[in-house]
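All chains are named by letter (A, B, ...) in the order of the sequence lines, taking the proteins before the strands, and each is independently numbered beginning at 1.
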Amino acid sequence: MAIKKSRYTITSALPYANGPVHIGHLAGVYIPADIYARYLRLKGEEVLFIGGSDEHGVPITIKAKNENTTPQAIVDRYHAIIKKSFEELGISFDIYSRTSNPIHHETAADFFTKLFNEGKLIAKISQQYYDEEANQFLADRYITGTCPFCNNEQAYGDQCEACGTSLNATDLINPKSALSGNIPVLKETKHWYLPLDQYESWLKEWILKGHKEDWKSNVYGQCKSWIEQGLQPRAVTRDLDWGVKVPLKEAEGKVLYVWFDAPIGYISATKEWAQEHHQDWEKWWKAEDTQLVHFIGKDNIVFHCIIFPCMLKAEGSYIFPDNVPANEFLNLENDKISTSRNWAVWLHEYLEEFKDKQDVLRYTLTTIAPETKDSDFTWTDFQAKNNNELLAIFGNLVNRTVVLTHKYYEGIIPEHGEYSDYEKEIIAKIAEFPKIIGDSIEKYRFREALAEFMNLARVGNKYLTDTEPWKKQKENPEAVKTILHLSLQICASLSVLGEPFLPFTSRKLQKMLNINVHNWEAGGRTDLLKAGDPINQPEYLFEKIEDTTVEAQVRKLEEAKTQNLINRNNVQPAKEDVTYDDFQKMDIRICTVLAAEKVTKTKKLLKLKVDTGIDQRDIVSGIAEYYEPEHLIGKQVLMLINLAPKEIKGVASHGMVLMAENSNGELTLVQPDKAVKSGSIVK
RNA sequence: GGCGGGGUAGCUCAGUUGGUUAGAGCGUCGGAUUCAUAACCCGGAGGUCACGAGUUCAACUCUCGUUCCCGCCA
């Protein structure tokens, strides 16, 4: 039996606080969620829109260690950046919380305790790697070793980044602790598990039968495969010191696994909000007439569709998500977005560099939102969406209407006369838009919804072009009054219906029109403006974005790419420019090795006798680890022969053999492609 | 490797239960226009619907195989 839902709890995936938010997060999760929340509020629904930072887990502890600081310092830094940038983009969270808050620790611990006390968890003892020097168990990420598949020596305990294979820490050959460098030992440890397998039949009923029609195919398909393959108990605790402490005496030094505590973050955020607003939190999570919707990316499907619901089911008093409209992924300029590779457009940087252009980003990302498949953001596309759509269609309609109103009526809204049949058709069309756009939003088809919104602006442009008020003003000024009256009403509708997508522009437009309407259904009316009321001076809603602006952004990305290559290959950055004269001071020549012997009592040094074409001289070179002396005789090498003489380990050296050094510090000779005469100059 | 999702015009994407000449926006080309940030409005061109086989009177749509991309898991 269908229950009429009258209250909406909307959650958006908690961004992980080890980096700022980028456009991929926005297009996939936060902008769709915000549109949905804003729309429902305009409809007069009861809405709670929840966000917050996910601040636990191993990667944060690793980052803290790498930066020689504390996990708390890391999460404080990113939580602040993320929270501020969401606010500035107009993501209308009712609360943006964080999982390091005491209320969250308490809520998550209580949740665990309830499951524990009711026997909903099972305990198991397993073998885990332990670092005896650091005195702690090692997370998979804290163990490195040789990958059994590709022999990469830098593989992590959970994955080899060279060949991409997922691993167990115990698979690694020669495992080493990242904390101390020591060889870890296997040690017994006790953990608690949520027996997902016990919920299989319930999941089948609830998802496979209950949501076959209304969940997106990517979401449903993934759930189906998980459920049908058979679920395994999943550990809910971890040996780690950063996170929510497991509230059991016997669990000293253990925390809740981050996937267990993070979704509870939605609940604790609700409690926090309720406390601040002196309201009841429980109806948002327990009332049958509350609709719970999780906005997430596709990597999070199983957590929100299977694991978290099982937690809620185990607890027993909660409702389950009505829908989990997971999006696919957004690429950037044809390449995967990556925080570690710095291949991203960071929200906080965008807001700095594109002042007052929040809606341009919101618009662009909505039109390319990866609703059904991965999509791609490019800066030229961004520019085109602004210049050819927002500005040309929406901005231009408002501008031409407002300019004409000022030109003909000094900014006073004119009376309309009798509407023609054509105008009646337009009025009827406008009336349909709240439903057309709303239907798309309710089906989580935000791209389509926004396209429909733009169609309303097109209706306005066509109306003006068809009726040509600038021609009629002389012969039939009465008709022009009607035309501009109706055109202004269309602008008013746009200001109402645009609010979920373009909140800043809507506000600006309403200010220009001197109205303050926040009611979705009113967006279909053509009496929002009253004849005789004044409107304000025209202002551009959007500004043209020039080629140079987007070119600069592309350049910035290219620089990130170059920097990345340097980092990855461990290549030295380029040195300062030198003049040709500087270069000419170097006397570099091809010389032939005549004799070679080891310098006694040294490991690295060879003494070479070389023919420079000018003379024969001795030089000392640190290549004994890479070349046998007898191997070098007769070889041609590059030499800097005017390097000031220096005595090394008792041997006078009159020059330097030039070598190539790779990132491991290994040396190799550089030789001419063809044999040349000794003494040939290198230039 | 197993599983899930996806590969449709230059670009970003729609295509409902298989059915007449496969759609939209942007770009492009042409026309019309000048109120408007050279914007708006009208029209045209552009697709062997990843590839190969099969089922069918009929397949972008169903089945099988191949291939590429993304995700989840091992």
Side-chain angles (χ1 to χ4, degrees), chain A residues 24 27-28 149 158-159 163-168 171 213 215-232 234 296-303 305-307 326-331 334-337 364-378 380-408 440 443 445-448 450-455 457-473 480 483-484 487 538-546:
Chain A
F149 297 97
D158 55 348
Q159 191 187 28
C163 67
T165 313
S166 298
L167 303 168
N168 290 318
D171 295 338
E213 303 301 326
W215 283 15
K216 290 171 68 167
S217 58
N218 55 345
V219 177
Y220 185 84
Q222 179 120 53
C223 291
K224 189 162 184 270
S225 92
W226 265 69
I227 295 166
E228 288 181 350
Q229 272 172 42
L231 298 165
Q232 301 297 319
R234 226 179 143 97
I296 56 166
K298 64 173 164 182
D299 54 334
N300 255 325
I301 291 171
V302 288
F303 289 107
C305 297
I306 307 242
I307 298 173
N327 274 331
E328 300 283 309
F329 278 8
L330 182 73
N331 292 317
N334 268 315
D335 201 350
K336 249 202 257 196
I337 293 180
T364 305
L365 293 179
T366 304
T367 59
I368 60 169
E371 289 177 2
T372 55
K373 56 187 155 205
D374 291 355
S375 61
D376 194 33
F377 175 95
T378 65
T380 50
D381 193 46
F382 168 84
Q383 181 191 23
K385 301 267 186 202
N386 180 76
N387 295 353
N388 306 334
E389 297 181 30
L390 278 178
L391 188 156
I393 296 166
F394 181 19
N396 186 37
L397 169 68
V398 170
N399 190 240
R400 61 202 301 211
T401 305
V402 174
V403 164
L404 283 176
T405 304
H406 276 275
K407 198 166 167 182
Y408 298 157
S440 293
K443 281 186 265 175
R445 299 168 75 131
F446 303 105
R447 270 193 322 227
E448 187 180 86
L450 184 51
E452 287 297 346
F453 168 77
M454 291 301 282
N455 282 339
R458 289 189 173 91
V459 167
N461 276 320
K462 186 164 164 48
Y463 175 55
L464 276 181
T465 305
D466 286 348
T467 52
E468 298 182 305
W470 48 91
K471 276 192 182 166
K472 287 205 180 89
Q473 177 62 2
V480 172
I483 295 166
L484 281 175
S487 294
E539 264 183 83
Y540 289 157
L541 292 181
F542 306 99
E543 283 167 359
K544 190 156 199 167
I545 292 174
E546 301 297 336

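If you check every strand for non-hydrogen atoms under 4.0 Å, A:Ile545 touches nothing. Residue A:Lys216 is out of contact with every strand shown, counting any heavy-atom pair closer than 4.0 Å.
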**OP:** Kindly determine whether A:Ile368 and A:Lys385 satisfy side chain to side chain contact (heavy atoms under 4.5 Å, CB included), including the steps that lead there.
**Re:** CA-CA 10 Å; A:Ile368 60 169; A:Lys385 301 267 186 202; 4.2 Å; yes

Original post:
For A:Cys305 and A:Trp215, what are the C-alpha separation, side-chain angles and deciding distance, and is it a side chain to side chain contact (heavy atoms under 4.5 Å, CB included)?
Top reply: CA-CA 11 Å; A:Cys305 297; A:Trp215 283 15; 3.9 Å; yes

**OP:** Evaluate the side chain to side chain contact (heavy atoms under 4.5 Å, CB included) criterion for residues A:Asp374 and A:Lys298: first the C-alpha distance (whole Å), next the side-chain angles of each, then the deciding distance (0.1 Å), finally the verdict.
**Re:** CA-CA 10 Å; A:Asp374 291 355; A:Lys298 64 173 164 182; 3.0 Å; yes

**OP:** Report the C-alpha separation of A:Arg458 and A:Asn455 in whole Å, then their side-chain angles, then the decisive distance to 0.1 Å, and conclude whether the side chain to side chain contact (heavy atoms under 4.5 Å, CB included) test is met.
**Re:** CA-CA 5 Å; A:Arg458 289 189 173 91; A:Asn455 282 339; 3.1 Å; yes

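Atom name P, nucleotides B:rU17 and B:rA32: the rounded distance is 45 Å, in whole Å. Taking the C1' atoms as reference points, B:rC13 lies 9 Å from B:rU8, given to the whole Å. Separation of the P atoms belonging to B:rC3 and B:rC64 is 12 Å when rounded to the nearest angstrom. Nucleotides B:rC40 and B:rC51 are separated by 44 Å at their C1' atoms, to the nearest Å. A distance of about 35 Å separates the C1' atoms of B:rG44 and B:rC57, rounded to the whole Å. Taking the C1' atoms as reference points, B:rG23 lies 7 Å from B:rA14, given to the whole Å. Look at the P atom in both B:rA24 and B:rA45: the space between them is 12 Å, to the nearest Å. B:rU48 and B:rC29: their C1' atoms are spaced 25 Å apart (whole Å).
Nearest-nucleotide mapping onto RNA chain B: of A:Leu391 and A:Arg447, the residue sitting toward the 5' end is A:Arg447. Closest-nucleotide positions on RNA chain B for A:Ala392 and A:Phe303 were compared, and the one nearer the 5' end corresponds to A:Ala392.
Residues forming a side-chain hydrogen bond (donor to acceptor under 3.5 Å, both in side chains) with A:Asn461 (at least two apart in sequence, or on another chain): A:Arg400. Residues that satisfy the side-chain hydrogen bond (donor to acceptor under 3.5 Å, both in side chains) test with A:Gln473, not counting sequence neighbours, are absent from this structure. Residues passing the salt bridge (charged side-chain N to carboxylate O under 4.0 Å, His left out) test with A:Glu448 are A:Arg445, sequence neighbours excluded. Remark: A:Arg447 pairs with no residue by the side-chain hydrogen bond (donor to acceptor under 3.5 Å, both in side chains) rule, at least two apart or across chains. Residues meeting the salt bridge (charged side-chain N to carboxylate O under 4.0 Å, His left out) test with A:Lys407, sequence neighbours left out: none. Under the rule for a salt bridge (charged side-chain N to carboxylate O under 4.0 Å, His left out), the partners of A:Lys462 that lie at least two apart in sequence or sit in another chain are A:Asp466. The side-chain hydrogen bond (donor to acceptor under 3.5 Å, both in side chains) test applied to A:Asp335 returns A:Arg341, A:Lys561, not counting sequence neighbours.
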Set out, line by line, the N/O atom pairs under 3.5 Å between protein and nucleotides 23-25 of chain B.
| unit_1 | atom_1 | unit_2 | atom_2 | d |
| --- | --- | --- | --- | --- |
| B:rG25 | O3' | A:Arg458 | NH2 | 3.0 |

Distances under 3.5 Å between protein N/O atoms and the N/O atoms of nucleotides 32-36 of chain B, please, pair by pair.
| unit_1 | atom_1 | unit_2 | atom_2 | d |
| --- | --- | --- | --- | --- |
| B:rC35 | O2 | A:Arg400 | NE | 3.1 |
| B:rC35 | N3 | A:Arg400 | NE | 3.3 |
| B:rC35 | N3 | A:Arg400 | NH2 | 2.5 |
| B:rC35 | N4 | A:Arg400 | NH2 | 2.9 |
| B:rA36 | O3' | A:Asn399 | OD1 | 3.1 |
| B:rA36 | O2' | A:Asn396 | OD1 | 2.8 |
| B:rA36 | O2' | A:Asn399 | OD1 | 3.1 |
| B:rA36 | N3 | A:Asn396 | OD1 | 3.4 |
| B:rA36 | N3 | A:Asn396 | ND2 | 3.3 |
| B:rA36 | N3 | A:Arg400 | NE | 3.3 |

Every protein N/O within reach of nucleotides 4-11 of chain B N/O, cut-off under 3.5 Å:
| unit_1 | atom_1 | unit_2 | atom_2 | d |
| --- | --- | --- | --- | --- |
| B:rG4 | O2' | A:Gln222 | N | 3.2 |

Contacts under 3.5 angstrom, residues 216-225 of chain A side chains, donor-acceptor by atom type, not counting sequence neighbours:
| unit_1 | atom_1 | unit_2 | atom_2 | d |
| --- | --- | --- | --- | --- |
| A:Lys216 | NZ | A:Ala326 | O | 2.9 |
| A:Lys216 | NZ | A:Asn327 | OD1 | 3.1 |
| A:Lys216 | NZ | A:Glu371 | O | 2.8 |
| A:Asn218 | ND2 | A:Ala326 | O | 3.3 |
| A:Asn218 | ND2 | A:Glu328 | OE2 | 2.8 |
| A:Tyr220 | OH | A:Leu208 | O | 2.7 |
| A:Ser225 | OG | A:Gln222 | O | 3.3 |

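Annotated as anti: B:rG30, whose glycosidic dihedral deviates from 0 by more than 90°.
Put simply, the side chain of A:Ser487 never gets that close to the backbone of A:Thr401: no donor and acceptor are under 3.5 Å apart. Under the 3.5 Å distance criterion, the side-chain polar atoms of A:Lys544 are left unmatched by any main-chain donor or acceptor of A:Asn387.
Pairing each heavy atom of A:Phe542 with each of A:Leu391, the nearest pair is O-CD1, 3.8 Å. The two residues A:Trp470 and A:Leu464 have their closest heavy-atom pair at CH2-O, 3.4 Å.
Spacing between atom NZ of A:Lys443 and atom C1' of B:rA14 amounts to 12 Å, rounded to whole angstrom units. At whole-Å resolution of the value, CG in A:Leu231 and C1' in B:rC72 are 13 Å apart. Atom P of nucleotide B:rU12 and atom CG of A:Asn388 are separated by 16 Å, given to the nearest angstrom. Counting to the nearest Å, the C1' atom of B:rU17 and the CD atom of A:Glu213 are 11 Å from each other. If you measure from atom CD of A:Glu228 to atom P of B:rG2, you get 18 Å, rounded to the nearest angstrom. Atom C1' of nucleotide B:rU37 and atom CZ of A:Phe394 are separated by 15 Å, given to the nearest angstrom. The nearest whole Å value for the distance from the CG atom in A:Asn334 to the C1' atom in B:rC70 is 14 Å. A:Ile306 places its CD1 atom 12 Å from the P atom of B:rC73, with the value rounded to the nearest Å.
The A:Trp226 side chain lies nearest to B:rC73 when the options are B:rC40, B:rG71, B:rC73. In the set B:rA39, B:rC41, B:rG71, B:rA39 carries the atom at the smallest distance from any side-chain atom of A:Lys544.
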Original post:
Could you write out RNA chain B as a dot-bracket string, with dots for unpaired bases, | for bases paired across to another strand, and Watson-Crick or G-U pairs counted at under 3.5 Å?
Top reply: (((((((..((((.....[...)))).((((.........)))).....(((((..]....)))))))))))).

